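Structure first, commentary second.
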Amino acid sequence: MDTKYIFITGGVTSSLGKGIISASLGKLLQARGYRITIQKFDPYINIDPGTLNPYEHGECYVTADGMETDLDLGHYERFTGIETTRDNSVTTGRIYQSVIERERRGDYLGKTIQVVPHITDEIKRRILLNASKQPFDFVITEIGGTIGDIESQPFLEAIRQLRWELGSTRALNIHLTYVPYLAAAGELKTKPTQTSVKQLQGFGIQPDVLVLRTEHELNDELRKKVAHFCNVDVEAVIQSQDLPSIYEVPLNMLKQGLDVICLKKMKVETIAEAELGSWYDFLERRRQAKDVVNIALVGKYDLQDAYKSILESLAHAGTYHNRKVKTHFINSEFLNRDNVAEQLQDMAGVVICPGFGQRGIEGKIITAEYTRTHDIPTFGICLGMQMMVIEFARNVLGYTDANSTEIDPETTHNVIDLMETQKTITQMGGTMRLGTYDCTLITKSRTWKAYGEKQHIKERHRHRYEFNNLYLGEFEQHGMRCAGFNPSANLVEIVEIPTLRWYIGTQFHPEYSSTVLQPHPLFMDFIKACLWKS
């Protein structure tokens, strides 16, 4: 069949969960046998979120082909198991950059470049791009931001045009809004939803389906009221109530028939029942898990979205070990030798988080020393791995000034150094070592065993600095070994201390490739090692 396009917009307020609804709908359609992909269009002018502070935008997620993207792409991959690419993430900055480059080349033959049609045409081209490269039955497009934002208007105009050009059976709009509860009045209020829909209609878009975000159960009378005022079929007014886990949202949407409603409106015959057996099994494991394993996240961003993929990867692994993972954020900026024991004493394991810059570095190094000397399972990721290396150089090799040249360019023992390929780069955005690279594992290492005794793996990266191989011999002589390396660049990808129960650092980001149905083997092995103290 011809590719169908589903557009998901949001109103009233941000952070309602458009990404979760997009991922959930994608999962349901996929479970019925349809080929799907999900893409995110963000209205901000940054080319990508790679240079954004995590406090601004949360985690920067990296695709296998090396695109720095919004964290919602992580939800898409974790829910569906699909592998997104740079074509699944588009910003206003990328749209304007493309149009301006074409104008500079003279491609427009002297025409005046305008938002309509040139910017909107480029948006439409990007929306259709994925399906032009490989066959998809459904392309779900999430539009970032909130209806009424000035920066969103070109995207809404592009959607309006596409809906007209493709026709009602090939294009559909789902609008996600908020129904607040006023405690003083004891009432749920639909006026914000009505206003949001009227704004959307003002752009020439009539929503086909409404998803109402709410903390309270919505009765049939309220849903009928919303349907009446918003010109939407009452059965197409869906509620998205707070649930114990985001992974229950697909089943809630299934129960209310969101996928079936979309299929009917697009004149698609249902080819099969939704096959969600493994998903139900996963959720049942989560519900049955009673015992808790306490894991410390040592980092500098006191914001859960900054480490979203790590949190979800730990939760996946915990579920498959029949445990609830309780994470405890510990701000490395305030960690020191006097309080580290108190902060970590009840932790079954510790994750030393990734990041950039000097703030909180010494706290991570102190953490690595404490967990190494007290044999606490420790997982260092990217910068976390580098801090494990620096700590070992200072306290085992005796190089008291050992450091990364990112932190101290004048250090005489640069055990972590800027990659050779990075030394001529001047621009910050999109220039790191990004995406999937090969790694060869050392036979008999702990990491090799964790990966099921695989010799070759592929993992995603986001870094500029690397282990300095000039020191590799000394490290290995004193007990910290390279457990994996990149075969083409001889870059050390993994370090571990075999004499400890679980002390592993990875230069790559394994959290990017953990999914609900395929938890990452390193997180699985890490949680297993933590269970003795849980």
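Values reported hereafter were calculated over all heavy atoms of this structure, with side chains retained and with hydrogens, waters and symmetry mates removed. These numbers come from a predicted model, not from an experiment.
With a 4.5 Å cut-off on side-chain heavy atoms, I36 and V139 do not count as touching. A 4.5 Å side-chain heavy-atom check between K40 and Y76 finds at least one atom pair inside the cut-off. The side-chain heavy atoms of L25 and I38, taken from C-beta on, include no pair separated by under 4.5 Å. Put simply, the side chain of V298 does not reach to within 4.5 Å of the side chain of F329, judged on heavy atoms. Within the 4.5 Å cutoff, the side chain of C382 has heavy atoms near those of the H509 side chain. Side chains of E511 and I381 form a contact here, defined as non-hydrogen atoms less than 4.5 Å apart. With contacts defined as side-chain heavy-atom distances shorter than 4.5 Å, the pair T506/P510 qualifies.
Within 6.0 Å of CD in Q518 there are 12 or fewer heavy atoms belonging to other residues, nucleotides or ligands. More than 12 heavy atoms of other residues, nucleotides or ligands lie within 6.0 Å of CG in L182, so this atom counts as buried by the packing criterion. The 12-atom threshold is not exceeded at NZ of K225, counting heavy atoms of other residues, nucleotides or ligands nearer than 6.0 Å. A 6.0 Å sphere centred on CG of L243 holds more than 12 heavy atoms belonging to other residues, nucleotides or ligands. Annotation: K124, atom NZ; neighbour count of heavy atoms from other residues, nucleotides and ligands within 6.0 Å is above 12.
Atom CD1 in I295 sits 6.5 Å away from atom CG in L314 (nearest 0.5 Å). Note that CD1 of I8 is 7.0 Å distant from CD of E142, once rounded to the nearest 0.5 Å.
With salt bridges taken as basic N to acidic carboxylate O contacts below 4.0 Å, none links K308 and E59. We find that D525 and K528 are not joined by a salt bridge, their nearest charged nitrogen and carboxylate oxygen being 4.0 Å or further apart. Using a 4.0 Å cut-off between a side-chain N of Lys or Arg and a carboxylate O of Asp or Glu, D242 and R213 qualify as a salt bridge. Residues R170 and E165 are not paired through a salt bridge, judged by the lack of any N-O separation under 4.0 Å between the basic side chain and the carboxylate.
Under the rule for a ring-ring contact (aromatic ring centres under 6.0 Å, His included), the partners of Y437 that lie at least two apart in sequence or sit in another chain are H461. Listed by chain and residue number, E459, H520 satisfy the side-chain contact (heavy atoms from CB on, under 4.5 Å) test with S513 (two or more places apart in sequence, or in another chain). The side-chain contact (heavy atoms from CB on, under 4.5 Å) search around T91 returns D42, Y44, R94, not counting sequence neighbours. Checked against side-chain contact (heavy atoms from CB on, under 4.5 Å), S89 has the following partners two or more places apart in sequence or in another chain: T69, L73. For H75, there are no ring-ring contact (aromatic ring centres under 6.0 Å, His included) partners, not counting sequence neighbours.
For residues 263-280, the pairs satisfying side chain to side chain donor-acceptor pair (under 3.5 Å) are D233-K265, with sequence neighbours left out. Here ring-ring contact (aromatic ring centres under 6.0 Å, His included) pairs that include residues 223-264, with residues two or more places apart or in two chains, are F79-Y247, Y247-F282, Y247-H316. Annotation: ring-ring contact (aromatic ring centres under 6.0 Å, His included) contacts involving residues 149-168, sequence neighbours excluded, are absent. Contacts classified as salt bridge (charged side-chain N to carboxylate O under 4.0 Å, His left out) and involving residues 187-210 (residues at least two apart or in different chains) are given here: R163-D208, E187-K189. Judged as a salt bridge (charged side-chain N to carboxylate O under 4.0 Å, His left out), the pairs with a partner in residues 126-136 (not counting sequence neighbours) are, in order, D87-K133, E122-R126. Within the structure, the side chain to side chain donor-acceptor pair (under 3.5 Å) test picks out the following pairs touching residues 1-24 (sequence neighbours left out): T9-N173, T9-H175.
Scanning all heavy atoms of the two residues, the minimum distance from A171 to F7 falls at CB-CE1, 4.2 Å. Of all non-hydrogen atoms in V516 and Y320, the two that sit nearest each other are O-OH, 2.8 Å. Closest non-hydrogen pair, M385 versus G505, comes out as CG-C, 3.4 Å. In terms of heavy atoms, E68 sits closest to V62 at CG-CG2, 4.4 Å.
Under the 6.0 Å cut-off for aromatic ring centres, F379 and F523 qualify, their centroids lying closer than that.
The backbone N or O of E77 lies less than 3.5 Å from no partner atom in the side chain of E83, so there is not a single donor-acceptor pair. Counting only distance, with no hydrogens or angles, the side chain of D149 and the backbone of T146 share a donor-acceptor pair below 3.5 Å. A donor-acceptor distance shorter than 3.5 angstrom exists from the side chain of S313 to the backbone of S309, with no hydrogens or angles considered. Between the side chain of R32 and the backbone N or O of Q30, no donor-acceptor pair lies under 3.5 Å. Side-chain atoms of S196 do not come within 3.5 Å of backbone N or O of T193 as any donor-acceptor pair. For the pair Y307 (side chain) and Y301 (backbone), a donor-acceptor distance under 3.5 Å is present. Side-chain atoms of R86 come within 3.5 Å of backbone atoms of D65 as a donor-acceptor pair (strictly under, hydrogens ignored). W448 places no side-chain N or O within 3.5 Å of a backbone atom of L441 that could act as its donor or acceptor partner. D259 places no side-chain N or O within donor-acceptor distance of the main-chain N or O of L29, the cut-off being under 3.5 Å. Judged purely by atom type and a 3.5 angstrom limit, K300 has no side-chain atom pairing as donor or acceptor with the backbone of G355.
A side chain to side chain contact (heavy atoms under 4.5 Å, CB included) with V209 holds for exactly one of I261, I6, V237, V232; it is I261. Remark: of the listed residues N88, N130, T80, N88 is the sole one forming a side-chain hydrogen bond (donor to acceptor under 3.5 Å, both in side chains) with T37.
Looking at Q153 and E157, their side chains never bring a donor and an acceptor atom within 3.5 Å of each other.
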(request) Show your working on side-chain contact (heavy atoms from CB on, under 4.5 Å) between D72 and Y61 and close with a plain yes or no. (result) CA-CA 8 Å; D72 277 320; Y61 187 79; over 6 Å; no

(request) List the steps, then state whether side-chain contact (heavy atoms from CB on, under 4.5 Å) holds for M253 with I21. (result) CA-CA 8 Å; M253 295 298 105; I21 294 298; 4.0 Å; yes

(request) Start with the C-alpha distance between V197 and Q201, add both sets of side-chain angles, then the distance that settles side-chain contact (heavy atoms from CB on, under 4.5 Å), and finish with yes or no. (result) CA-CA 6 Å; V197 170; Q201 291 168 335; 3.7 Å; yes

(request) Output, in order, the C-alpha distance, side-chain angles, deciding distance and verdict of side chain to side chain donor-acceptor pair (under 3.5 Å) for H328 and N294. (result) CA-CA 7 Å; H328 304 259; N294 292 290; 2.7 Å; yes

Would you tabulate the side-chain donor-acceptor contacts of residues 215-222 under 3.5 Å, counting partners in other chains and residues two or more places apart, or write 'none'?
residue : atom : partner : partner atom : Å
E215    : OE1  : Y178    : OH           : 3.1
E215    : OE2  : Y178    : OH           : 3.2
E217    : OE2  : Q239    : NE2          : 3.1
N219    : OD1  : E221    : N            : 3.2
N219    : OD1  : L222    : N            : 2.7
D220    : OD1  : R223    : NH1          : 3.3

